[in-house]
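To find a chain, count down the sequence lines: A is the first, B the second, and so on, and within it residues start at 1. Since the model is a prediction, treat every value here as computed from it, not as a measurement.
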Amino acid sequence: MSELHFYNSYTRQKEKFEPITPGYAGLYVCGPTVSGESHLGHARPYVTFDVVQRYLRHLGYKVRYVRNITDAGHFEEEGREAIDKVGEKAKVEKMEPMELVQKYTNLFHHAFRLFNCEDPAIEPTATGHIVEQINMIETIIEKGYAYVVNGSVYFDVKKYADNYPYGKLSGRVLDDQLETTRELDGQEEKRNKADFALWKNAPPQHIMRWKSPWGEGFPGWHIECSAMSSKYLGETFDIHGGGMDLQFPHHESEIAQSTIAHGHAPVNYWMHNNMITINGKKMGKSYNNVIKLSELFSGNHPLLTQAYHPMVVRFYILQTHYRSTLDFSNEALQASERAFRRLWEAYMLLDKLPAGGTEASDKTLDAQVITWCNECEEFMSDDFNTAKVLANLFEMAPVINGIKGGQVAATALSATTIALMKATFKTFLEDILGMQALQAEQSSSKLNNVLSLLIEIRNDSKKRKDFATSDQIRNKLAEAGVLLKDEKDGTVSYTIE
RNA sequence: GGUCGGAUGGCCGAGUGGCUAGGCACAGCUCUGCAAAAGCUGCUACAGCGGUUCGAAUCCGCUUUCGACCUCCA
């Protein structure tokens with residue numbers, strides 16, 4: 001098992017990964033709030049942590065990947081009306097809350113299967129863990145770090161900060177929080193502005209409500225992740241991931257709650273992915289600049305000139321390091337599509353390559369290829385640098401194409417090096433980065449027979465120098481989505497779009 | 001206002017002291033009946049100004065500028 005290093009947001013430095021239990025890794029990632037359709041911004045964390053999870057397994061860890069579904073809804077604006085986000089939307093659409101939640105959960109699952117993201121081992125829902133959340137809140141009250149007001153329970157941040165390093169994760173000073181000039185209604189229940197709700201009393205119009213020791217209500221925003229992560233991964237677990245925008249207050253609150261409830265910090269390594277921006281601004285609901293995944297896949301959006309395959313989007317995300325912002329544009333996505341097609345075709349050619357020499361006739365190239373292959377693991381083990389892995393794979397594309405095209409001698413590389421190259425592409429491009437072909441290999445034998453006939457006819461007309469006919473066949477087939485390619489050796493290959 | 005993080009070639013994007021990724025686009029060439037694809041070649045950038053150093057995109061300071069968080073947010 002090679003050494004893995006990655007950036008821990010909590011300590012703000014790269015650290016060597018040392019799991020609590022050797023050979024096992026626990027990973028918790030904040031999942032979606034299923035009150036609406038997923039957009040491009042959501043794709044980033046789930047693709048990022050899918051790769052993290054895949055790489056941990058590649059290194060030999062047994063991984064338990066837990067990602068929650070937030071289906072209980074949160075306050076639209078804390079304190080003011082305590083509107084349950086899910087409940088509110090449900091009324092508008094005249095659906096049962098559960099129906100709405102189910103709809104968007106299904107859409108979410110569908111989209112991320114298209115992205116080839118593996119399903120988490122456990123996908124707990126907030127509504128399914130009300131009991132655990134209530135238990136945890138009770139413990140926090142018993143320990144004196146939460147207080148009950150009018151059926152709601154608040155966490156006493158000030159008291160916590162007196163005894164624990166509150167704000168360390170997000171780099172915040174409590175005094176600044178207390179002095180914030182922002183005036184929110186309904187703050188009078190709290191002892192301090194920085195306090196956050198563990199449980200909220202439900203107003204009469206609130207659809208989603210549960211009985212609790214403090215009356216009917218619903219859980220606060222942060223408690224679900226603490227309750228569910230500790231239930232499935234333990235009171236202290238290895239890695240907690242999520243978007244950078246969740247660092248404060250969500251993750252900071254998780255740390256505070258869990259530290260009181262369990263007596264120690266909940267997480268050893270915090271990982272945060274950066275945002276996707278659009279024209280330099282974060283893509284987010286509140287900015288009204290989101291591109292939904294369905295719009296991306298259909299091309300049905302003013303900013304898009306075409307539809308984009310989920311794999312192109314995945315590739316686009318992985319071309320950038322996860323801690324950098326990633327600026328969206330139609331142009332950038334087009335570039336990714338072309339790039340990915342070229343890389344994938346080179347990969348597909350690998351299998352058809354001659355075996356290589358018993359000894360490499362081009363020692364320099366042979367050594368270079370071996371280096372490129374071996375570096376892939378180094379790059380991944382250095383803070384999951386998918387961008388550098390892809391760069392190395394691209395370095396090998398001209399070598400592969402060159403062998404096929406005859407510009408590089410078939411024996412330039414040794415048989416072992418060719419095999420290493422095959423293994424590297426399989427392992428890193430497919431297994432770890434999780435890339436797949438753009439189109440399923442669904443060609444039927446009937447279609448193949450028809451195409452063979454057309455190719456035969458076209459070859460005959462070419463022999464007669466009847467290029468009008470041969471070009472017509474090629475052009476019409478192209479219109480129908482079948483691209484013919486005249487290979488150097490005189491054969492004709494085709495791809496079906 | 002407070003805290004934090006950026007500014008890299010036409011575009012996207014790696015990169016933390018020297019060997020100056022990668023992709024897309026563009027130009028020329030090779031191959032080709034013509035295309036497409038592929039290959040080769042070219043394009044050498046690090047916001048500005050100082051400083052440290054033999055040497056800085058990379059370290060330090062200042063300036064300009066963009067953004068994130070502080071409120072639901074991936």
Contact list (N/O, under 3.5 angstrom) for nucleotides 19-23 of chain B vs protein:
from   : atom 1 : to       : atom 2 : distance (Å)
B:rG22 : OP1    : A:Glu395 : OE2    : 3.3
B:rG23 : OP1    : A:Arg342 : NH2    : 3.2

Below 3.5 Å is the cut-off: list the nitrogen or oxygen pairs between protein and nucleotides 29-34 of chain B, distance only.
from   : atom 1 : to       : atom 2 : distance (Å)
B:rG33 : N1     : A:Asp471 : OD1    : 3.0
B:rG33 : N2     : A:Asp471 : OD2    : 2.8
B:rC34 : O2     : A:Arg474 : NH2    : 2.8
B:rC34 : N3     : A:Arg474 : NH1    : 2.9
B:rC34 : N3     : A:Arg474 : NH2    : 3.3
B:rC34 : N4     : A:Arg474 : NH1    : 3.4
B:rC34 : N4     : A:Asp486 : OD2    : 3.1

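As rounded to whole Å, 13 Å separates atom P of B:rA74 from atom NE2 of A:His240. We find that CG of A:Leu333 is positioned 14 Å from C1' of B:rG13, with the value rounded to whole Å. The distance between atom CE of A:Met275 and atom C1' of B:rG6, rounded to the nearest whole Å, is 14 Å. Distance CZ (A:Phe196) to P (B:rU71): 13 Å, rounded to an integer number of Å. Atom CZ in A:Arg323 sits roughly 13 Å away from atom C1' in B:rG15 (whole-Å rounding). Following rounding to the nearest Å, A:Phe218 (CZ) and B:rC72 (C1') show an atom-to-atom distance of 13 Å.
Of the candidate nucleotides B:rC4, B:rA74, B:rA14, B:rA74 has the atom lying nearest to any side-chain atom of A:His39. Here the side chain of A:Pro249 is nearest to one of B:rG13, B:rA74, B:rC70, namely B:rC70. Taking every side-chain heavy atom of A:Phe248 into account, B:rC70 is the closest of B:rA14, B:rC70, B:rA74.
Applying the salt bridge (Lys or Arg N to Asp or Glu O under 4.0 Å) test between A:Glu345 and each of A:Lys485, A:Lys404, A:Lys352 identifies A:Lys485 as the sole match. Paired with A:Tyr46 under the rule ring pair (Phe, Tyr, Trp, His ring centres under 6.0 Å), one option of A:Tyr322, A:Phe112, A:Phe115 passes, and it is A:Phe112.
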Tabulate below the donor-acceptor pairs under 3.5 Å that side-chain atoms of residues 388-398 of chain A make, not counting sequence neighbours, or state none.
from     : atom 1 : to       : atom 2 : distance (Å)
A:Asn392 : ND2    : A:Trp372 : O      : 2.9
A:Asn392 : ND2    : A:Glu375 : OE1    : 2.8

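Phosphate contact (OP1/OP2 of B:rG39, side-chain N/O of A:Asn401, threshold under 4.0 Å): present. Using a 4.0 Å cut-off, no side-chain N or O of A:Thr320 falls inside it from OP1 or OP2 of B:rC12. Remark: A:Asn385 is in phosphate contact with B:rG15, judged by side-chain N or O atoms under 4.0 Å from OP1 or OP2.
Where A:Gly242 and A:Gly280 meet RNA chain B, the nucleotide closest to each residue was compared, and A:Gly280 sits on the side nearer the 5' end. Of the two residues contacting RNA chain B, namely A:Asp382 and A:Pro32, the nearest-nucleotide position lying further toward the 5' end is that of A:Asp382.
The same atom, P, is picked in B:rU58 and in B:rC19; the two are 13 Å apart, to the nearest Å. When the C1' atom is compared between B:rG23 and B:rA14, the two are found 11 Å apart, to the nearest whole Å. B:rU52 and B:rU16 are spaced 16 Å apart, taking the C1' atom of each and rounding to whole Å. Between the C1' atoms of B:rC26 and B:rC43, the separation comes to 9 Å (whole Å). Comparing B:rU65 with B:rU8, their C1' atoms sit 15 Å apart, to the nearest whole Å. Here the separation of B:rC40 from B:rC46, taken at their P atoms, is 27 Å to the nearest Å.
Contacts of A:Leu483 with the nucleic acid, taken as non-hydrogen atoms under 4.0 Å apart, are absent. Contact annotation for A:Met244: no contact, since no heavy-atom pair falls under 4.0 Å across all strands. As judged by a 4.0 angstrom heavy-atom cut-off over every strand, A:Gly41 is placed among the base-contacting residues. No contact: A:Lys404 has no heavy atom under 4.0 Å from any strand.
Partners of A:Tyr269 by ring-ring contact (aromatic ring centres under 6.0 Å, His included), not counting sequence neighbours, listed by chain and number: A:Phe6, A:Phe17. Checked against salt bridge (charged side-chain N to carboxylate O under 4.0 Å, His left out), A:Asp245 has the following partners two or more places apart in sequence or in another chain: A:Lys282. A:Lys462 is linked by a salt bridge (charged side-chain N to carboxylate O under 4.0 Å, His left out) to A:Asp486, counting only residues two or more places apart in sequence or in another chain. When the ring-ring contact (aromatic ring centres under 6.0 Å, His included) test is applied to A:His250, the partners found at least two apart in sequence or on another chain are A:Trp221, A:His222. By the salt bridge (charged side-chain N to carboxylate O under 4.0 Å, His left out) test, A:Asp382 is found to be paired with A:Lys14, residues two or more places apart in sequence or in another chain being considered. Legend: residues meeting salt bridge (charged side-chain N to carboxylate O under 4.0 Å, His left out) with A:Glu430, ordered by chain and number and at least two apart, are absent. For A:Gln334, the side chain to side chain contact (heavy atoms under 4.5 Å, CB included) criterion is met by A:Thr305, A:Gln306, A:Tyr308, A:Asn330, not counting sequence neighbours. Checked against ring-ring contact (aromatic ring centres under 6.0 Å, His included), A:Phe155 has the following partners two or more places apart in sequence or in another chain: A:Tyr160, A:Phe196.
No hydrogens or angles considered: a donor-acceptor pair under 3.5 Å links the side chains of A:Tyr28 and A:Asn68.
Secondary-structure stems of RNA chain B, taken as three or more successive Watson-Crick or G-U wobble pairs (i with j, i+1 with j-1) under a 3.5 Å distance threshold, comprise B:1-7 with B:64-70, B:10-12 with B:22-24, B:26-30 with B:38-42, B:47-51 with B:59-63.
Between A:Phe49 and A:Phe384, the ring centre distance reaches or exceeds 6.0 Å.
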